[in-house]
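Within every chain, numbering begins at 1; the chains are lettered A, B, ... in the order of the sequence lines, protein sequences first and strands thereafter.
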Amino acid sequence: MKTLGIHTKYFRFEGREKAMEGAEVLKADHGEMSIDHECIVIFIGVEKGDSESPSSVASQLASDTVKRASALNVETVVIYPYVHLTENPSTPRIALQVMDDLEQRLSQYLSVVRAPFGWYKAFDLSCLGHPLSEWSGRYIPGEEAEEAKAEEKEEGRKPSEFVRFVVVDLEGEDYEVNSEDFSQCPVFKKKQPVYKMLKQFVSNELGRAEDTGKRPKHIEYMQTHELVDYCDASEKGHYKWYPKGLLIQKLILDYAAQLAHEWGAFEMKNPIIIRGDHNVVGELMGEFHERDYQVDGGRGVCYLRYASDPLAFPFMQNTIFTHKQTPLKVYEEATCFRNEQEGEVSGLKRVRNFMMTDMHAACASNEEARKEYEILCLKFAELMNNIIARGRWVLGWEGTVGFFEENKDWLISIGKRMQVPAFFKLMPEMSHYFAIKNEYQAITDDKANVQVSTVQWDVKDGERFNIGYIDENGHKHPCPVIIHASSFGSIERTLCAILENIAIDAKRGIAPMFPLWLSPTQARIITVSDTFIPFAEELCNTISRYNIRVDIDDRDDTVGKKIRNGEKEWIPYLLVVGEKEKDSGNLSVRSREDRRQKEMTVDEFIGMINEKTEGMPFRPLPLPRLVSKHPIFYG
RNA sequence: GCUGGCGUAGCUCAGUGGUAGAGCAGUUGAUUUGUAAUCAACUUGUCGGGGGUUCAAGUCCUCUCGCCAGCUCCA
């Protein structure tokens, strides 16, 4: 629904002729009215999408209008149907429904005048012209008026209204805590460093994040290492990816796909535009905070995909599967757009366009769901340990008190098996679609946490979207549980967590570098002089054949300078070649990890790299193999 | 959105009212180098943008844009 509001000195209108069949019957006054005092006129264009919930848009507009009227000290409001505000009008029936509803709501507080619907009307007004005298509005079904939101809050239905907090240690002992004195909990007196991280996470969740005022390290790294950067041709929160960053992104996606396939999912892909009048929008909008991007191709309002579910659910709904085929497992690389508020977007931690690696399992029973839930939890723990946060992470949980009590032992055992402490936030009732979900939180250098993976237990959407399996008798049953999981919550956040984790290394005197399989250049050949370039190229060919990204620094610099540059680029292995190597055929390998130089044969070197990257995806060099051919992207 | 901070060369930054600078990077030349910076010369500017104060503004005022931090929320 689109609206235009005007604060006017007076307002007169007169119905002239019928514009359509469904026009309202004019009352005795022949649709004429003259208001000779200050009033508010609301021109209203009801849109197709509003049919999802006419009462929702009406309540929002009513609430805004009442506030506006009180601010302007006005007691009369005119409801004026004005279809020309939108290119995508609803049916007259819906529009009338909205007007009726609106009239009813407004008349509780104000004197309301209705202009007739479906007539060509003459009108006359005089806008007062002060800064608050004109305003436009856009309302989407599914949003609640702020009063309704406030009521909800009081009823304790908002996710922030958690009523119980439980900390669980590595042994599986649980401790109830509260926001006042959580720091007294004996768990935090334990020696293992992971409890310090847990405390940091709990205090971020319960209290205030510590204000370090520092720029996160990952932003510096993403630019200076030419991975990702701001894009001045786009808006904030949308980034450009340089070749090296893109390589890393694609390798992570390769890995996520590999993981999903091993799990038994098939990969599919949905569009990024969602029709505004499709029922998923109305059903799910409220759960994603309406931070949508609207797109108008001239055929009615559409939304850029704001989450994976609104398209993944229809996909599963339309898939026919039987009790022999459950759980139905799907995997998707889902590009999502969220029109985050100004000031919320920050580096790679919070962006407006991100790629999720999304997994769903539609399960036929709780038992089936439990099994999948466990498998995914343990799998993601490996990801956190091996790739993203190398032991510097903790587990957060959100769910209902009821689900927690019923499944306490099981939930706690999951964390125990992952060897990670956990923090539960529990609410009395479900506020979203999940009964329980966990969040894998990487702990960063600046005392913050970055949420990456998640596994969620959805008990609502099987039924709501009629996603179900066919039983032995040919009857369809909605799935009682759908597991939602995201291996790499988003690629952007994954990269953020990896970079922040590297920053912690650097601070502790460990050489900062990417995991070998993600290093854009895994090995660089450094020639002692340009006479060895042909030999270097030959060597490069040999090594490259074994799926190793190796380039050659052929620039006219001293060996010392080239080493320095290679180290600054975090290249794991630097191979200096000169007379000695040419004669012996051996390599002089400088390893960044242990800061040592070793002599080994070419085969030994290849074997070592292959062994260290075994099972991980591979892609070739993102830039020309001769370093002299690399352009400068950042500085 | 609100509060605070920052914005000067491709990068990192100095410049507190009086001729726009340094280091790195880049280009050219010399050098042919053995494990974290070879030497020299040269190039590089809408001082984020608009407006104002002033004889004079990178510097002071004002508006605006961008970035960062916090509030809030999430993947």
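Counting any heavy atom pair closer than 4.0 Å across all strands shown, A/R595 reaches no nucleic acid atom. If you check every strand for non-hydrogen atoms under 4.0 Å, A/E439 touches nothing. Looking at heavy-atom distances under 4.0 Å, A/K437 makes contact with sugar-phosphate atoms alone, never a base. A/F488 comes within contact range of no nucleotide atom at all, as no heavy-atom separation falls under 4.0 Å. In this structure, A/G347 reaches the sugar-phosphate backbone alone: every heavy-atom distance under 4.0 Å involves primed, P, OP1 or OP2 atoms, never a base. Within 4.0 Å of A/T454, counting heavy atoms only, lie sugar-phosphate atoms of the nucleic acid but no base atom.
Searching all strands for a Watson-Crick or G-U wobble partner of B/G23 with both distances below 3.5 Å returns B/C11. The base-pairing partner of B/U38, taking Watson-Crick or G-U wobble contacts with both distances under 3.5 Å, is B/A30.
For A/R164, the side-chain contact (heavy atoms from CB on, under 4.5 Å) partners are A/V166, A/E176, A/V401, A/F404, A/E405, A/L426, not counting sequence neighbours. Partners of A/K236 by side-chain hydrogen bond (donor to acceptor under 3.5 Å, both in side chains), not counting sequence neighbours: none found. Under the ring pair (Phe, Tyr, Trp, His ring centres under 6.0 Å) criterion, A/F182 pairs with no residue, sequence neighbours left out.
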Contact state string [nucleotides 1-12 of chain B, B base, S sugar-phosphate only, - no protein heavy atom under 4.0 Å]: B--------SSS

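The ring-ring contact (aromatic ring centres under 6.0 Å, His included) test with A/W397 singles out one residue from A/Y440, A/F403, A/F424, and that residue is A/F424.
Ion pairing between A/R590 and A/E567 holds under the 4.0 Å rule for side-chain N and carboxylate O. Using a cutoff of 4.0 Å between basic side-chain nitrogens and carboxylate oxygens, A/R524 and A/D551 are scored as salt-bridged.
In this structure, A/K561 reaches the B/A25 phosphate: one of its side-chain N or O atoms is under 4.0 Å from OP1 or OP2. Residue A/S453 places none of its side-chain N or O atoms closer than 4.0 Å to OP1 or OP2 of B/A75. Side-chain nitrogen and oxygen atoms of A/K236 include none within less than 4.0 Å of the OP1 or OP2 phosphate oxygen of B/C65. A close approach under 4.0 Å does not occur between any side-chain nitrogen or oxygen of A/Y440 and OP1 or OP2 of B/A75.
When the P atom is used for both B/U35 and B/G15, the distance is 39 Å, rounded to whole Å. The P atoms of B/U32 and B/C47 are separated by 44 Å, rounded to the nearest whole Å. Distance noted for atom C1' between B/U59 and B/G48: 16 Å (whole Å). Taking the C1' atom of each, B/A30 and B/C13 are spaced 31 Å apart, rounded to whole Å. Between B/U8 and B/G21, the two C1' atoms lie 10 Å apart (nearest whole Å). B/U72 sits 44 Å from B/U53 when the P atoms are compared, rounded to a whole Å. Taking atom C1' in both B/G7 and B/C42, the straight-line distance is 29 Å, to the nearest Å. Taking atom C1' on both B/G23 and B/A37, the two are 12 Å apart, rounded to the nearest angstrom.
Rounding to whole angstrom units, CG of residue A/N449 and C1' of B/C73 are separated by 13 Å. Atom NZ in A/K349 sits roughly 11 Å away from atom C1' in B/G70 (whole-Å rounding). If you measure from atom CZ of A/R352 to atom P of B/C74, you get 17 Å, rounded to the nearest angstrom. A straight line from CZ of A/F380 to P of B/A75 spans 14 Å, rounded to a whole angstrom. Distance A/H238 NE2 to B/C67 P: 11 Å, rounded to the nearest Å. Computed from coordinates, the A/I525 CD1 to B/U35 P distance equals 19 Å when rounded to whole Å. For the pair A/Y230 OH and B/C68 C1', the interatomic distance rounds to 7 Å; values are reported in whole Å. For the pair A/D553 CG and B/A37 P, the interatomic distance rounds to 14 Å; values are reported in whole Å.
Side-chain to base pairing of A/R350 with B/C73: one donor and one acceptor N or O lie within less than 3.5 Å of each other. A donor and an acceptor atom sit less than 3.5 Å apart, one in the side chain of A/R590 and one in the base of B/A36.
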Take A/E205 and A/K425, measure what salt bridge (charged side-chain N to carboxylate O under 4.0 Å, His left out) needs, and give me the verdict at the end. CA-CA 9 Å; A/E205 292 291 302; A/K425 296 192 294 182; 2.5 Å; yes

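The closest side-chain donor-acceptor pair between A/R390 and A/N385, if any, does not fall under 3.5 angstrom.
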Can you name the atoms? Protein N/O to nucleotides 28-32 of chain B N/O, anything below 3.5 Å, with the distance.
| residue | atom | partner | partner atom | Å |
| --- | --- | --- | --- | --- |
| B/U31 | N3 | A/D556 | OD2 | 3.1 |
| B/U31 | O4 | A/D556 | OD2 | 2.4 |
| B/U32 | O2 | A/D530 | N | 3.2 |
| B/U32 | O2 | A/D530 | OD1 | 3.3 |
| B/U32 | N3 | A/D530 | OD1 | 3.3 |
| B/U32 | N3 | A/D530 | OD2 | 3.0 |
| B/U32 | O4 | A/D530 | OD2 | 3.3 |

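With the nearest nucleotide of RNA chain B identified for both A/Q441 and A/V345, A/V345 has the one nearer the 5' end. Across the interface with RNA chain B, nearest-nucleotide mapping of A/I219 and A/V351 shows A/I219 to be the residue nearer the 5′ end.
Side-chain atoms of A/K244 and A/F633, non-hydrogen and from C-beta on, never get closer than 4.5 Å to each other. With a 4.5 Å cut-off on side-chain heavy atoms, A/F423 and A/F165 count as touching.
Shown here is A/K629, whose NZ atom has no more than 12 heavy atoms of other residues, nucleotides or ligands within 6.0 Å. Other residues, nucleotides and ligands place no more than 12 heavy atoms under 6.0 Å from the NZ atom of A/K598.
Using a 30° and 60° split on the angle between ring planes, A/W570 and A/H225 fall in the tilted class, from 30° to 60°.
A cation-pi arrangement, defined by a distance under 6.0 Å to the six-membered ring centre and an angle within 45 degrees of its axis, is present between A/K329 and A/W263.
Near RNA chain B, defined here as any heavy-atom distance below 4.0 Å, the residues from residues 567-589 of chain A are A/E567, A/V576, A/G578, A/E579, A/K580, A/E581, A/S588, listed numerically.
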